[in-house]
Amino acid sequence: MKHSVFTVCMPEYSVEEAVDKLVEWGYEGVEWRLTNQQPSADGKPGFWASNRCTITLDEALDKAEAVGNRCRKAGLEIAALASYVKCGQLADVEKVFEACLRMGAPQARVQVPGYDGKTHYRALFDQARKDYAVVEKLAGKLKLRANIEIHMGNICPSASAAYRFVEGFDPARVGVIHDAGNMIVEGYENWRLGLEVLGEYLAAVHVKNTAWVPAPDGAFGQKTYKFAWAELKEGEVDWAQMIAALKAVGYQGWLSMEDFTTARPTEARLTSAIAYLRELEAKA
């Protein structure tokens, strides 16, 4: 398996700095965050606002070629572009795919709709499938792949739900990003079972961990819990089991770090994470 970092989790580094740092830390690839963003309230770089390691969608076409050249010169492979564009935003999907071509990225995340109960799931599903059929056609024309991500709060929170969505699409053009950390929040299934369900649609794996921590009692006095991000060794995902499951199904693709914890500096978290993953892979 190969190791990359989703740059959302290194917000204090510029794009140029990130390339050098990832090579120094031993990563083989990078998954660039691609989205327009708002400034943070305090002006400091954070995961979701003022993130210095983000390529804005507005500037993507102007910067893509230079970023791709910088990565190739450093020997860093571009694993993917992680866009926040949804499948119904077809003009923006085209822009993301053009950025892929200019940068040399083989695939990009194209999201499915969120689910909040206001619109019936089947209506969301049917429309998103129609939209993704157009996305698939465009990806095929450009020889790229569009990936949905297993994510809490959207219509594909589990491996089975994701497979139901992508079934029938060309797996060379439409894939699934497996995210065990998200599935702890919503959508947990036995890791190996889920990977077997996804089969040829398994396109990438996001690596992070999640823990359940106590929250205030509910209205009727019941104990409640909320999720919190955790480092790899500390959360609910047993990454030794996950790596063993990935090996069992023959997965050889990207393990892309997506660590949202803040107790330790970014460098400490990402260097220890890749060392831990390599240890688990050697023992699996």
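Owing to the predicted nature of the structure, the values given are computational and were not obtained by experimental measurement.
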Discussion item. Just verifying a value: how many Å separate Leu34 CG and Asp92 CG, rounded to the nearest 0.5 Å?
Written reply: 9.5 Å

Discussion item. Using side-chain contact (heavy atoms from CB on, under 4.5 Å), reason through Ile148 and Gln111 one step at a time and then give a plain yes or no.
Written reply: CA-CA 5 Å; Ile148 70 169; Gln111 296 186 324; over 6 Å; no

Worksheet item: Looking just at side-chain N and O atoms, do Gln37 and Thr56 make a donor-acceptor pair shorter than 3.5 Å?
Response: no

Item to complete: Indicate yes or no: does Glu59 engage Lys63 in a salt bridge with an N to O separation below 4.0 Å.
Response: yes

Practice prompt. Evaluate whether atom NZ of Lys44 has more than 12 neighbouring non-hydrogen atoms of other residues, nucleotides or ligands under 6.0 angstrom away.
Written response: no

Practice prompt. Output, in order, the C-alpha distance, side-chain angles, deciding distance and verdict of side-chain contact (heavy atoms from CB on, under 4.5 Å) for Val30 and Cys71.
Written response: CA-CA 9 Å; Val30 58; Cys71 290; 4.1 Å; yes

Worksheet item: Is there side-chain contact between Trp191 and His178, with heavy atoms separated by less than 4.5 Å?
Response: yes

Discussion item. Under 4.5 Å between side-chain heavy atoms, counting indirect links through other Ile/Leu/Val/Met/Phe/Trp/Tyr residues: same cluster for Val85 and Leu90 or not?
Written reply: yes

Worksheet item: Parallel, tilted or perpendicular: which describes the rings of Phe165 and Phe169, with under 30° parallel and over 60° perpendicular?
Response: tilted

Item to complete: Check Ala105 against Ile78 and note the closest heavy-atom contact, atom names and distance.
Response: CB-CG2, 3.6 Å

Practice prompt. To the nearest 0.5 angstrom, please state how far the CE atom of Met1 sits from the CG atom of Leu255.
Written response: 5.5 Å

Worksheet item: Looking only at heavy atoms, what is the nearest atom pair of Val174 and Arg145, with distance?
Response: N-CG, 3.8 Å

Worksheet item: Where do Trp32 and Met103 land on the side-chain contact (heavy atoms from CB on, under 4.5 Å) test, with the steps shown first?
Response: CA-CA 10 Å; Trp32 290 112; Met103 193 181 293; 3.5 Å; yes

Discussion item. Does this structure show an ion pair linking Glu28 with Arg278, if we count only N-O contacts that are shorter than 4.0 Å?
Written reply: yes

Discussion item. Counting C-beta onward and ignoring hydrogens, is there a side-chain heavy-atom pair between Leu138 and Glu94 closer than 4.5 Å?
Written reply: yes

Donor-acceptor pairs are to be reported for all side-chain atoms of residues 212-223 against protein atoms at under 3.5 Å, with residues two or more places apart or in another chain.
from: Gln222; atom 1: OE1; to: Phe220; atom 2: N; distance (Å): 3.0

Discussion item. Using only atom types and a distance under 3.5 Å, with no angle test, would you say the side chain of Asp259 pairs donor to acceptor with the backbone of Leu270?
Written reply: no

Worksheet item: Which value, rounded to the nearest 0.5 Å, describes the distance between Trp229 atom CH2 and Ile184 atom CD1?
Response: 10.5 Å

Fill in: side-chain contact (heavy atoms from CB on, under 4.5 Å) assessment of Thr266 paired with Glu12
CA-CA 9 Å; Thr266 299; Glu12 71 271 41; 2.8 Å; yes

Worksheet item: Is there a donor-acceptor pair closer than 3.5 Å between any side-chain N or O of Asp170 and the backbone N or O of Gly140?
Response: no

Discussion item. Ignoring hydrogens, what is the shortest heavy-atom contact between Ala180 and Trp239? Give both atom names and the distance.
Written reply: CB-CZ2, 4.2 Å

Item to complete: Mind listing the closest non-hydrogen atom pair of Ala146 and Val135 along with its distance?
Response: CB-CG1, 3.6 Å

Fill in: From NZ (Lys141) to CD (Glu136), nearest 0.5 Å
14.5 Å

Worksheet item: Is a side-chain N or O of Ser50 found less than 3.5 angstrom from the main chain of Ser40, in a donor-acceptor match?
Response: yes

Item to complete: May I ask you to check whether Ser4 and Glu31 show a side-chain donor-acceptor distance below 3.5 Å?
Response: no

Worksheet item: Hey, are Lys95 and Glu98 close enough for a salt bridge, meaning a charged N less than 4.0 Å from a carboxylate O?
Response: no

Item to complete: Classify the ring geometry between Tyr121 and Phe125 as parallel (under 30°), tilted (30 to 60°) or perpendicular (over 60°).
Response: tilted

Worksheet entry | Hphob cluster co-occupancy, Leu101 + Leu61, side-chain heavy atoms under 4.5 angstrom | no

Worksheet item: Heavy-atom distance under 4.5 Å between the side chains of Leu277 and Glu281, does that happen here?
Response: yes

Response to the item:
Tightest non-hydrogen contact, residues Pro11 and Asn51, listed as CA-OD1, 3.4 Å

Worksheet item: Got a second to check how far Phe47's CZ is from Arg33's CZ, nearest 0.5 Å?
Response: 10.5 Å

Worksheet entry | Linked, directly or transitively: Tyr115 and Ile177 (ILVMFWY side chains, under 4.5 Å) | no

Discussion item. A side-chain contact here means heavy atoms from C-beta on lying under 4.5 Å apart; do Met10 and Arg52 qualify?
Written reply: no

Worksheet item: If you measure from the Lys or Arg side-chain nitrogens to the Asp or Glu carboxylate oxygens, is any gap between Arg70 and Glu16 under 4.0 Å?
Response: no

Worksheet entry | Heavy-atom side-chain proximity of Ile55 to Val67 below 4.5 angstrom | yes

Worksheet entry | Geometric cation-pi criterion, Arg269 with Phe260: 6.0 Å, 45° | no

Worksheet item: Less than 4.0 Å between a side-chain N and a carboxylate O, is that true for Glu231 and Arg264?
Response: yes

Worksheet entry | Note: Arg109-Glu149 ion pair, threshold 4.0 Å (strictly below) | yes

Discussion item. I'd like to know whether NZ of Lys137 has more than 12 heavy-atom contacts from other residues, nucleotides or ligands below 6.0 angstrom.
Written reply: no

Worksheet item: Quick one: do Val237 and Tyr188 end up in the same hydrophobic cluster if we chain Ile, Leu, Val, Met, Phe, Trp and Tyr together by side-chain heavy atoms under 4.5 Å apart?
Response: yes

Worksheet item: What about the rings of Tyr251 and Trp254, do their centers lie closer together than 6.0 Å?
Response: no

Worksheet item: Are the side chains of Glu267 and Lys21 in touch, meaning some heavy atoms are under 4.5 Å apart?
Response: yes

Fill in: Partners passing salt bridge (charged side-chain N to carboxylate O under 4.0 Å, His left out) against Arg173 (at least two apart in sequence or in another chain)
none

Response to the item:
When every non-hydrogen atom of Ser160 is compared with those of Val197, the smallest separation belongs to CA-CG1, 4.2 Å

Worksheet item: For residues Asn182 and Lys208, is any side-chain donor paired with an opposing acceptor at under 3.5 Å?
Response: yes

Worksheet item: Does any N or O in the side chain of Asn154 come within less than 3.5 Å of the main-chain N or O of Val112, such that one atom is a donor and the other an acceptor?
Response: no

Worksheet item: Between Glu279 and Tyr276, is there a donor-acceptor pair closer than 3.5 Å when you use the side chain of the first and the backbone of the second?
Response: no

Worksheet item: Should the heavy atoms of other residues, nucleotides or ligands under 6.0 Å from CD of Glu65 be counted, would the total exceed 12?
Response: no

Practice prompt. With the side chain counted from C-beta on, respond yes when Leu198 and Ile150 share a heavy-atom pair under 4.5 Å apart, and no when they do not.
Written response: yes

Worksheet entry | Student check: side-chain heavy atoms of Val207 and Leu232 closer than 4.5 Å | yes

Item to complete: Look up atom CE in Met242 and atom CG in Leu280, then write down how far apart they are to the nearest 0.5 Å.
Response: 12.0 Å

